[in-house]
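Here the structure is laid out as C-alpha cells; the discussion comes afterwards.
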Amino acid sequence: PGQLLTEEQAEEIAMMFNALIEIVEETIDPKVKETKSEKIDPEDVLKERWKNLYEENEDKLIERAPVVTIMGHVDHGKTTLLDNIRNTKVAEKEAGGITQSIGAYQVNYEGKKITFIDTPGHEAFTEMRARGAQATDIVVLIIAADDGVMPQTIEAYNHAKNANVPIIVAINKIDKPNANIDLTKQQMVAKLNLIPEDWGGDTITVPISAKAGQGIDELLEMILLVAEMQEIRCYPEGLARGVIIESKLDKFLGPVATTIIKDGKLKVGDYFVAGSTFGKVRRMIDPNGKNVKVAGPSDPVQILGFEEVPDMHSILYGVKTLHEAKDYVEKKKALEEKVVQKRHIRLEDALKMMQE
Ligand code: GTP
Ligand code: MG
C-alpha cells in the first residue's frame, strides 16, 4: 500500500485481469454472446451478403474487364509503357521522372476494355506496390533489358506471388544498344525462379520497347489471353462494390478516393460505406478528368463525397439508404472504441486493486 508499481508489475496484473475476463467471457452462452450486436463487424455482414449474392446468382455473373497492374524496379519503364498504350506523355511530366502515386487508367484494345494500374518503382513505396498487387487480376512485371533483375523487381514479384496473381514478364528497353535479353532471362530464372516460355517454362515473356512502341500489341494480346484463362467475373447489376487503391485529402475537393469498381453500378447520389467511414457520391471523375454519372465493373473513378478520408485498400460498398450507411459507421466506431475502452478499464481496475 502506498507503494508505486513498476511497469512490469502493472503489466502483469493487467494480464491477469485480462485472463480472468476471458475466462468469464468463455462461460457466457455463445448464443447470448452473438445477440450482442456490438460485437459483430458490419463489414463482415456486407462481405457475407456479397458471398451469398455470388453463390445464389452464379448464372448472372458475367465477364469483367481485367485489372492489370504494372510493376517493376524504378525507371524500368512502367509509366512509359502506359503512355505508349494510352498515347499520353505522363512520364515526361513527373517530378524527377519518378512516379509517386498509384494511377489508374482504362484502354480499349480490339474492342476489349483493360484497366491498368501504374505503381511507383522507387524503393520507398513498398506499401503502394503491395496494394497494387492486391487489387489486381494480372501483374505485368517490367524488367529493363539494360539493367536486369533489381531489388524492386524481386519485391514486386513477391507481392504478386503473395497475392496469388498471374505474372506476365515484359522485358523492356530492347531498343537500347546495351540491352541483353538473354542475360535478363537468365536472371529471371536465377533470381525469380521464373522460366520463360521459350526456354521451356510457363512464364509468358514479351520483349518490348515502351519508347519505340515495339512488342506492345503482343503484350496486350497476352494480357487478354491470360485474362480469358482467369475467367474474371462480376455481378453487374445493383449496388456497387469496389476497391479503393488510393485516397487523400484534396485541398479543394476534400476527401477523394481512387476506386476500381468490381461489381454492380455506382451512381452519383448513391450512398456508400468504406472502411470506417461513409458518404454519398457527389461527383465521379474518370481517368481522363471527365465527370461521369455511372461507373461499372472494372471502371477506375475518383470519388468525391466521403465524410472522412477512407483507408487505402478498404472495400467500398454501395448501400440503399443514408440510415444504413450511418448505422454501419456507428457500429464500426463502437467496435473500435470498445477495444480501446476495455483495455483502459482493465488496467485501471488492476491498479485500484493493488492499492486497496
Ligand atoms: P518509376 O515510376 O519512377 O518507377 O519509373 P518508371 O518505371 O515508370 O519509368 P519511366 O517510364 O518513367 O521511364 C524511365 C526512363 O526510361 C525514361 O527516361 C524513359 O524515357 C526511359 N525508357 C522507358 N522505356 C524505354 C524504352 O523502351 N527504351 C528506352 N530507350 N528508354 C526507355
Ligand atoms: Mg513511373
Side-chain angles (χ1 to χ4, degrees), residues 67-107 114-136 138-160 167-185 187-188 191-192 196 204-223 245-246 248 258 260 287-288 300 312:
V67 177
V68 180
T69 298
I70 314 289
M71 305 187 83
H73 194 73
V74 69
D75 271 355
H76 278 198
K78 299 173 286 297
T79 306
T80 305
L81 170 64
L82 282 179
D83 275 346
N84 190 294
I85 294 172
R86 296 166 58 230
N87 204 7
T88 52
K89 290 197 158 105
V90 175
E92 281 175 21
K93 291 180 209 136
E94 286 177 334
I98 282 182
T99 302
Q100 306 202 30
S101 61
I102 288 186
Y105 311 99
Q106 197 171 56
V107 300
I114 307 173
T115 298
F116 283 104
I117 300 178
D118 188 13
T119 62
H122 189 280
E123 59 174 319
F125 302 112
T126 302
E127 176 55 34
M128 272 187 229
R129 281 188 289 276
R131 257 186 280 127
Q134 277 153 22
T136 199
I138 297 166
V139 162
V140 169
L141 185 62
I142 288 215
I143 312 174
D146 62 340
D147 204 24
V149 172
M150 297 301 279
Q152 270 60 54
T153 317
I154 298 172
E155 191 210 291
Y157 164 75
N158 284 325
H159 290 312
I167 298 169
I168 297 173
V169 173
I171 298 183
N172 191 28
K173 307 200 185 184
I174 56 165
D175 59 292
K176 283 193 138 186
N178 56 340
N180 193 334
I181 298 177
D182 265 359
L183 184 64
T184 308
K185 284 182 179 168
Q187 292 180 353
M188 277 172 62
K191 297 186 178 179
L192 305 174
I204 299 175
T205 308
V206 189
I208 63 164
S209 166
K211 206 169 188 177
Q214 204 180 330
I216 311 273
D217 277 325
E218 204 188 332
L219 179 62
L220 292 170
E221 305 276 351
M222 289 302 145
I223 288 171
I245 56 167
E246 185 143 71
K248 62 176 184 206
T258 308
I260 294 180
N288 299 317
M312 304 206 200

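In listed order, ligands and their atoms are each counted from 1. Residue numbers run from 1 in the order of the sequence given. All values derive from a computational prediction rather than experimental measurement.
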Check the pair T119 / T99 against side-chain contact (heavy atoms from CB on, under 4.5 Å), numbers first and verdict last. CA-CA 7 Å; T119 62; T99 302; over 6 Å; no
Stepwise side-chain contact (heavy atoms from CB on, under 4.5 Å) check, I117 with I260: CA-CA 10 Å; I117 300 178; I260 294 180; 3.5 Å; yes
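- In this structure, A135 and I245 approach most closely via the heavy-atom pair CB-CG2, 3.7 Å.
- Looking at H76 and M150, their side chains come closer than 4.5 Å, going by heavy atoms from C-beta outward.
- Against a heavy-atom cut-off of under 4.0 Å, G97 is close to the following atoms of ligand 1: 3 (O), 12 (O).
- With T80, D146, L82, D75 as candidates, the residue nearest to atom 23 (C) of ligand 1 on a non-hydrogen basis is T80.
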Full working for side-chain contact (heavy atoms from CB on, under 4.5 Å) between T126 and H159: CA-CA 9 Å; T126 302; H159 290 312; 3.9 Å; yes
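- Nearest non-hydrogen protein atom to atom 7 (O) of ligand 1 is K78 NZ, 2.7 Å.
- Less than 4.0 angstrom separates some heavy atom of G121 from each of these atoms of ligand 1: 1 (P), 4 (O).
- Looking only at protein heavy atoms, the nearest one to atom 2 (O) of ligand 1 is T99 OG1, 2.7 Å.
- Shown here for F116 and L220, the closest heavy-atom pair between the two residues is CZ-CD2, 3.9 Å.
- Remark: distances from the non-hydrogen atoms of G72 to ligand 1 are all 4.0 Å or more.
- Of all heavy-atom pairs spanning A170 and V140, the tightest one is CB-CG1, 4.0 Å.
- A91 and T80 get closest at one heavy-atom pair: CB-OG1, 3.9 Å.
- There is a protein heavy atom less than 4.0 angstrom from atom 12 (O) of ligand 1.
- Listed by atom number, the atoms of ligand 1 under 4.0 Å from I98 heavy atoms are 3 (O).
- Heavy atoms only, all atoms of each residue included: A156 and M71 are closest at CB-CB, 3.8 Å.
- The Mg ion (ligand 2) has no N, O or S atom of T119 under 2.8 Å away, backbone or side chain.
- Polar contact with ligand 1: absent for I208 (N/O pair, distance under 3.5 Å).
- Polar contact check, K176 against ligand 1: no nitrogen or oxygen pair lies under 3.5 Å apart.
- Partner I168 forms a side-chain contact (heavy atoms from CB on, under 4.5 Å) with one of I142, I223, V139, L141 and no other, that one being I223.
- At a 3.5 angstrom cut-off on N or O pairs, A210 counts as close to ligand 1.
- The two residues G121 and Q152 come nearest to each other via the heavy atoms O-CG, 3.3 Å.
- Atom CG of N87 is surrounded by 12 or fewer heavy atoms from other residues, nucleotides or ligands within 6.0 Å.
- Taking backbone and side chain together, T80 holds no N, O or S atom under 2.8 Å from the Mg ion (ligand 2).
- For ligand 1, one of its N or O atoms has an N or O atom of K211 under 3.5 Å away.
- Contacts between D175 and ligand 1, counted as non-hydrogen atom pairs separated by less than 4.0 Å, involve the side chain only.
- The single protein non-hydrogen atom nearest to atom 9 (O) of ligand 1 is G77 N, 3.2 Å, given as residue, atom name and distance.
- The shortest N or O to N or O distance between E94 and ligand 1 is not below 3.5 Å.
- For T119, no nitrogen or oxygen atom sits less than 3.5 Å from a nitrogen or oxygen atom of ligand 1, counting backbone and side chain alike.
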Assess whether side-chain contact (heavy atoms from CB on, under 4.5 Å) is satisfied between D147 and D75, documenting all intermediate values. CA-CA 10 Å; D147 204 24; D75 271 355; over 6 Å; no
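- N172 ND2, 3.2 Å is the protein heavy atom nearest to atom 24 (N) of ligand 1.
- Of the heavy atoms in V74, both backbone and side-chain atoms come closer than 4.0 Å to ligand 1.
- Considering only non-hydrogen protein atoms, atom 21 (C) of ligand 1 sits nearest to K173 NZ, 4.0 Å.
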